[in-house]
Amino acid sequence: MKMNLSHRLGGLAAAVPALLASGWAHAQEAAPAAAEAVEAVAEAAAPTLDRGDTAWLLVATLLVLMMTLPGLALFYGGMVRKKNVLSILMQCFAIVSVLSVIWMVAGYSLAFSEGSPFVGGLSKMFLAGVNLDSLTGTIPESLFVMFQLTFAVITPALIVGGFADRMKFSSMLVFMSFWLLLVYAPICHWVWGGGFLMTEGVLDFAGGTVVHINAGVAGLVSAIVLGRRSGTGSENMAPHNLVLTMIGASLLWVGWFGFNAGSALAANGNAAMAMLTTHSATAMAAMTWMLVEWAMRGKPSLLGILSGAVAGLVAITPACGFVDLKGALIIGAVSGLACYWGVSGLKRMFGYDDALDCFGVHGVGGIVGAILTGVFAVEAIGGKTGLIEGNAAQVGLQALGVGVTMVYTAIVSYILLKIIDVAIGLRVSPEVEVEGLDYALHGETVH
Amino acid sequence: MKMNLSHRLGGLAAAVPALLASGWAHAQEAAPAAAEAVEAVAEAAAPTLDRGDTAWLLVATLLVLMMTLPGLALFYGGMVRKKNVLSILMQCFAIVSVLSVIWMVAGYSLAFSEGSPFVGGLSKMFLAGVNLDSLTGTIPESLFVMFQLTFAVITPALIVGGFADRMKFSSMLVFMSFWLLLVYAPICHWVWGGGFLMTEGVLDFAGGTVVHINAGVAGLVSAIVLGRRSGTGSENMAPHNLVLTMIGASLLWVGWFGFNAGSALAANGNAAMAMLTTHSATAMAAMTWMLVEWAMRGKPSLLGILSGAVAGLVAITPACGFVDLKGALIIGAVSGLACYWGVSGLKRMFGYDDALDCFGVHGVGGIVGAILTGVFAVEAIGGKTGLIEGNAAQVGLQALGVGVTMVYTAIVSYILLKIIDVAIGLRVSPEVEVEGLDYALHGETVH
Amino acid sequence: MKMNLSHRLGGLAAAVPALLASGWAHAQEAAPAAAEAVEAVAEAAAPTLDRGDTAWLLVATLLVLMMTLPGLALFYGGMVRKKNVLSILMQCFAIVSVLSVIWMVAGYSLAFSEGSPFVGGLSKMFLAGVNLDSLTGTIPESLFVMFQLTFAVITPALIVGGFADRMKFSSMLVFMSFWLLLVYAPICHWVWGGGFLMTEGVLDFAGGTVVHINAGVAGLVSAIVLGRRSGTGSENMAPHNLVLTMIGASLLWVGWFGFNAGSALAANGNAAMAMLTTHSATAMAAMTWMLVEWAMRGKPSLLGILSGAVAGLVAITPACGFVDLKGALIIGAVSGLACYWGVSGLKRMFGYDDALDCFGVHGVGGIVGAILTGVFAVEAIGGKTGLIEGNAAQVGLQALGVGVTMVYTAIVSYILLKIIDVAIGLRVSPEVEVEGLDYALHGETVH
Amino acid sequence: MKLVMAIIKPFKLDEVREALTPLGIQGLTVSEVKGFGRQKGQTEIYRGAEYMVNFLPKVKIEVAVNDDIVDRVIEAIQASANTGKIGDGKIFVLDLVSAVRIRTGEKDTDAL
Amino acid sequence: MKLVMAIIKPFKLDEVREALTPLGIQGLTVSEVKGFGRQKGQTEIYRGAEYMVNFLPKVKIEVAVNDDIVDRVIEAIQASANTGKIGDGKIFVLDLVSAVRIRTGEKDTDAL
Amino acid sequence: MKLVMAIIKPFKLDEVREALTPLGIQGLTVSEVKGFGRQKGQTEIYRGAEYMVNFLPKVKIEVAVNDDIVDRVIEAIQASANTGKIGDGKIFVLDLVSAVRIRTGEKDTDAL
Ligand SMILES: Nc1ncnc2c1ncn2[C@@H]1O[C@H](COP(=O)(O)OP(=O)(O)O)[C@@H](O)[C@H]1O
Ligand SMILES: Nc1ncnc2c1ncn2[C@@H]1O[C@H](COP(=O)(O)OP(=O)(O)O)[C@@H](O)[C@H]1O
Ligand SMILES: Nc1ncnc2c1ncn2[C@@H]1O[C@H](COP(=O)(O)OP(=O)(O)O)[C@@H](O)[C@H]1O
């Protein structure tokens, strides 16, 4: 997904309010460059289908789906108390179901059809024009639609970690549906769909910004808006079944190769190298977290090493196609440290109740990864240079990308949540929270 | 698996009794057309191996295996009471083991070697002639054998849902072994192996008829022959662990891409489009079931949305290579509704105890999918037209395919079960049922 | 991985002590032939990347990772008592994390760079020279590094079965780190990296010797050195949750296609045939174990059929690219029988406490498979002949390969364990063992 | 008042509950317990080896009743929980000093 | 001495424990039980069908106390476990013949 | 007859059972409970944070015995369940009004 398009970042300051104000106005005339860039990419792509690439992307797509169902659902589900585990699974499953439909109907079009630099158009609603022979690069466009869909559904599912155990199921669905259209689709357009954000200079191989920082910030905002879980501090909130969390983390690790190596959109050396850097950073981050926790708490925990692995996966996501082994190992180590601090020091410092550490891991890890991509990018791997090869400016560009995304997603997520709160309420009643969401909201329990 | 062969459907009326009467008689002279058609297919296939296609089919094969082990086993296992969960896993695992051997020894030959229009021959027993260089289309024949095997073992495993919690393990194995040879192999031959059933006109892309209607009806018959579980109505039969069911449903969803997109037997636009329609119908069906249940019962349940997803997967199976996005979404919505009714209204109406809703989901969903394939087939996707493009006759043809399969599998399954009942008994004793099959039959429990 | 290199087996007698004595001395001048052979292989390999092969190997790699995480971890985790399940998962996860880093830093170089016939060199430390365009055969070398890594981490993870429930976590990590470098890397070099062991005559398609016999023997040695679990004989040691074991076994089965068919390093007829023989042997072994247990104990158990499947997978590993269907079925049946005896008769005979039957399944199954490869190899499949085609000598060669590996791994594992025992102690205190490793070592429990 | 505590085979729970209803028993409390007793020798199969299980799953029923129906309660439990096979369990009767219904604060007989 | 046994709604456990601390109660024992009583009609949803759940999850607290504080203990439990809704549970009081602290061998009042 | 109820550390269960056998005890009933007491401060680690666990896993043994051996039973339990560390648990003794063996209908002493 290295579709880094030339565009003036100058328009940025005006862009966010403009977008909010004009809703889905397609400020088409404002950004002809983006549209041209999309065409250029289309032209550059070889016009024939490659069956090896297609085979790999078919698999990569289902791997990313597996990351959410059952991967992430189990990762999160094992961490809550027993009375809420089914609610987590339900939320993830419903997000995938409902948002998949929305993606097909309008999301893909808003993200990837020609539009303004800020958002795509409506010309591909209901996938108009995506037929049997349409190609994106060397793979069928229908496959590209599906591959992108899996990213579009896992991002909202990640947010669940922020508001777990206390949000109404109905409000959650409403929030997610609008969030997909108002936050995810535009940011996806900025970065991969011909939008204004990612000029040639900003690097994000597989979605550190679009997916992880985006979800991490939205999770943090929802944790703050909803408030702390009742019982925090007094009740035993320890994860009820880390076996589930371990299965989830493992499937995330395995599936992430589809996410990262799949983002090469081909079965070639780039994909293979992305797999190698992804795996190295992950292993290093897991090991680092384990050692730090061992040193600080006296015992290395399973939850710790699993969290470390996910931290590494997050951080290497933007970098995996640009850095070499050494860069990957350093990114892994730094992200293990940083996210350990994110879930302990940082969270305690501000006192928000990011229930499953959506921001502590995905937000912090995403930021670390995006910045370090600017440090460790080497020409031999991804054709781009970073700080260590003398291109100090890259770090600043990366920081800019991070900042814009954080601001936009924070503001829009906050407004959305507040509107829904007024309209139908965000939080379940205290009785429901005590009784458990499984039984109260879904009429089921784990026996 | 779009091997739709020209043949007179006229022979049908005579065919079923003839087959039953003559056993494995190869009425070769009765149907030269089929044999020719098989040859034609063989010739038409490109004579060289494509490594991209092969890569995809290697993966698709293991995905379909994963659908059964552990997918379906967990999906079903989570729904029974805790005392029976291991028995479900054991049944699925034993079915895969024993029936894989039978498939290699004789099943593949009966389904795919040259024979009569009603059943294949014995020339490929022990895979005679399947050597390193044999091809089926652009993939190795050995891979085609394996791909087909995974279909041949999941179909019987689906039937387990009908007689769960009360069938003897030994009788189950005997029943399944004969069922593979007497029901599955012939029907598979009719549809994909050059048999009489599927003339050019009847559409079944990935096995809605062969797999789902077939299993659904056999499950219903076994539920009726075995009778209700003791304790039905009085005892709490609620699923003991929906976490397992959710893992299972997720692996079914993910694995089903191997099933449906794999059935293109190539890594091309057809496979990609089949993946897209499969995913869309599934998401839509899951959402529909959730909404209906929410409206009717006041709460959306996890089991409901999971059931909806499976309903959608079943219904889109025959259609996935023939319909476009809109068709897929409609098929999804209709199947969600229909199967919701199948597991509640229909089951209550007749009072049979289809324990895990094998017929309610796979039977009803399979029928809905087969018929709607005839409605929504569009030329641009699969080269075939349906009702909406003016070809009303297609719906009739689809109904015929459904009817023939239902009648054949119902009759033969019934006879088989009755014979086994007389010979060695079908049902465990009431004490065993109360104690639980796990401990009574397998000497193990979940602690 | 059929990289069978010509080399005099004559050097063998001297080799083992020499290696032990000289540590990492690279007796380069002693074995120029090996180095040449490596070059020859490199030359023979087509110099262009094949995207179909690459797609398949990307998938095969993640499948083998999935075999360990979560596959093997769950397979083992379900078999222990509830108080130790997290410790098993933790050990597997930590092994993958730490050893992946070590593999990248030094392991790959010791196994696959040019060196002596006994061990590779240090020239590829930190993957020096593995860049975007390096190829191994038709796939990127970075992918080959990753594929091999997954073998290098599952092998130590298998050993966990031998010392489960009683080894200190810290000592376990130290042991595994050195074991990777001192045992796995050299043996891997002997067999696949241009080393002295596997002359053209000795057959091992996917690692029966390197992985399974190696791990089985190391597990046995550690079981003996650590001693029996406290409570053996008196306490109820029955598996606490066979649902986990079943999920694990299923993922092993599915993932093993990556292991075995992936070892063809291509998406072609060899891979497909390896998949077919792998599946057939596994199904046969599972069925055989089930029937034997049924006959001997009166009940077929889930743990039994799962163990049978793993036995079959192990035994077919060295054979899968050389034998045909009949050979595979026989290997399956024999391994089912042999491993059943391995976990019952053999273990009882000697009274060691191989907790999760690491030797009983992987050791015994590996030996059976290696020897029978020499019996059933047929020219039509793998280009090699075995006993049944008149080449009786092959059996002797296979036995030699088995013997050398067993002796080397037994000696070095034993010395390593003894050193660690003196230095930091191997075994947890009796109180910790009673309390459970989960809480005592990791501060966590399953609620 | 008495507290009747019965240890029974798990699958007899529903029958026992139904046997108590005609006596006017409106509530009872149930726990899963493990019993050690004369009933022995059950084994679990574990990889070809067999496993002696010392503790068997039982269900404990606790029901507070008025003195006047104690005997009929005991009889009803004994009749409904009986299979005639070893391991059927025991009934123990304890004196109950007082009882309170939390919701209303009602005492003793009114609380049952 | 008395053994006070209370059957309460699970989510009231923490409140009850906190209500007992001021009375000098230093220990208690808790078990998960299932209650059958007047509180009825809860259902689980199961594939569009509904399921009557006869037994509801409750928590049983057992606490051994000196005779002099029994009444206050009962009051404290009743007050803290009360929601006013059906199914709040019961308190039963039994006579305690003796008590021993295993660690020290202390007896009766000293053992509590 | 008495009902002896002991709350012990879980890993002491087998030892206690073995200590009771020589006294002629042929049966007992065991449940998993959670104990709150002086033993405190255990923590679970949770993502770098620590978690105070208030309730510790304990095992409750209930055994009905004849009056003549009550003292020896108490001693045996106290001796075998003792580790000398805080949290070893308690033994409570209750009066048993009657006992019935469900299988045979035998009463009281014969029922044990
Ligand atoms: N003395 C006892 N005290 C408490 N519980 C007992 C006692 N004896 C038996 N039990 C309980 O009763 C159950 C059945 O007892 P057992 O001796 O196996 O058979 P039976 O009741 O038919 O004589 C035991 O599993 C145990 O739970
Ligand atoms: N006679 C009884 N003996 C033992 N436990 C009882 C008895 N009656 C009620 N219980 C317990 O008390 C709980 C609450 O009783 P219930 O009748 O539902 O409501 P309430 O206590 O408000 O009258 C029950 O679930 C059961 O556990
Ligand atoms: N008053 C009491 N009533 C009932 N159970 C008690 C009481 N006091 C203690 N217990 C039980 O005994 C266990 C051990 O008590 P604790 O105070 O921790 O240590 P010790 O027995 O060594 O004094 C507790 O966990 C609890 O289960």
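Sequence lines set the chain letters: A, B, ... in the order given, protein chains first and strands last, and positions in each chain run from 1.
Annotation: maximal heavy-atom pairing with chain F below 4.5 Å, among T29(E), L28(E), I25(E), occurs at L28(E). Options A111(E), G27(E), A99(E), S98(E) differ in how many heavy-atom pairs under 4.5 Å they form with chain F, and the most are formed by S98(E).
Between atom CZ of residue R101(E) and atom CD1 of residue I7(F) there is a gap of 13.0 Å, rounded to the nearest 0.5 Å. To the nearest 0.5 Å, the span separating CZ on F36(F) from CD1 on I61(E) amounts to 11.0 Å. Here the CG-CG distance, from L94(F) to L94(E), works out to 6.0 Å after rounding to the nearest 0.5 Å.
With a 4.5 angstrom heavy-atom cutoff, K34(F) touches chain E via backbone and side-chain atoms both. Residue contact with chain F, scored on non-hydrogen atoms closer than 4.5 Å, is absent for L20(E). Of the atoms belonging to I74(F), it is side-chain heavy atoms, and not backbone ones, that fall under 4.5 Å from chain E. Heavy atoms of L112(E) lying under 4.5 Å from chain F belong to its backbone as well as its side chain.
When atom types are taken as modelled, the side chain of Q78(F) and the backbone of I102(E) share a donor-acceptor pair closer than 3.5 angstrom.
Among the candidates V93(F), L3(F), L96(F), the single residue satisfying the side-chain contact (heavy atoms from CB on, under 4.5 Å) test with V97(E) is V93(F).
Inter-residue side-chain proximity for E62(E) and V33(F) is flagged as unmet; no heavy-atom pair is nearer than 4.5 Å.
Residue pairs meeting the salt bridge (charged side-chain N to carboxylate O under 4.0 Å, His left out) criterion with at least one member in residues 73-100 of chain E, sequence neighbours excluded, are K2(E)-D95(E), K9(E)-D88(E).
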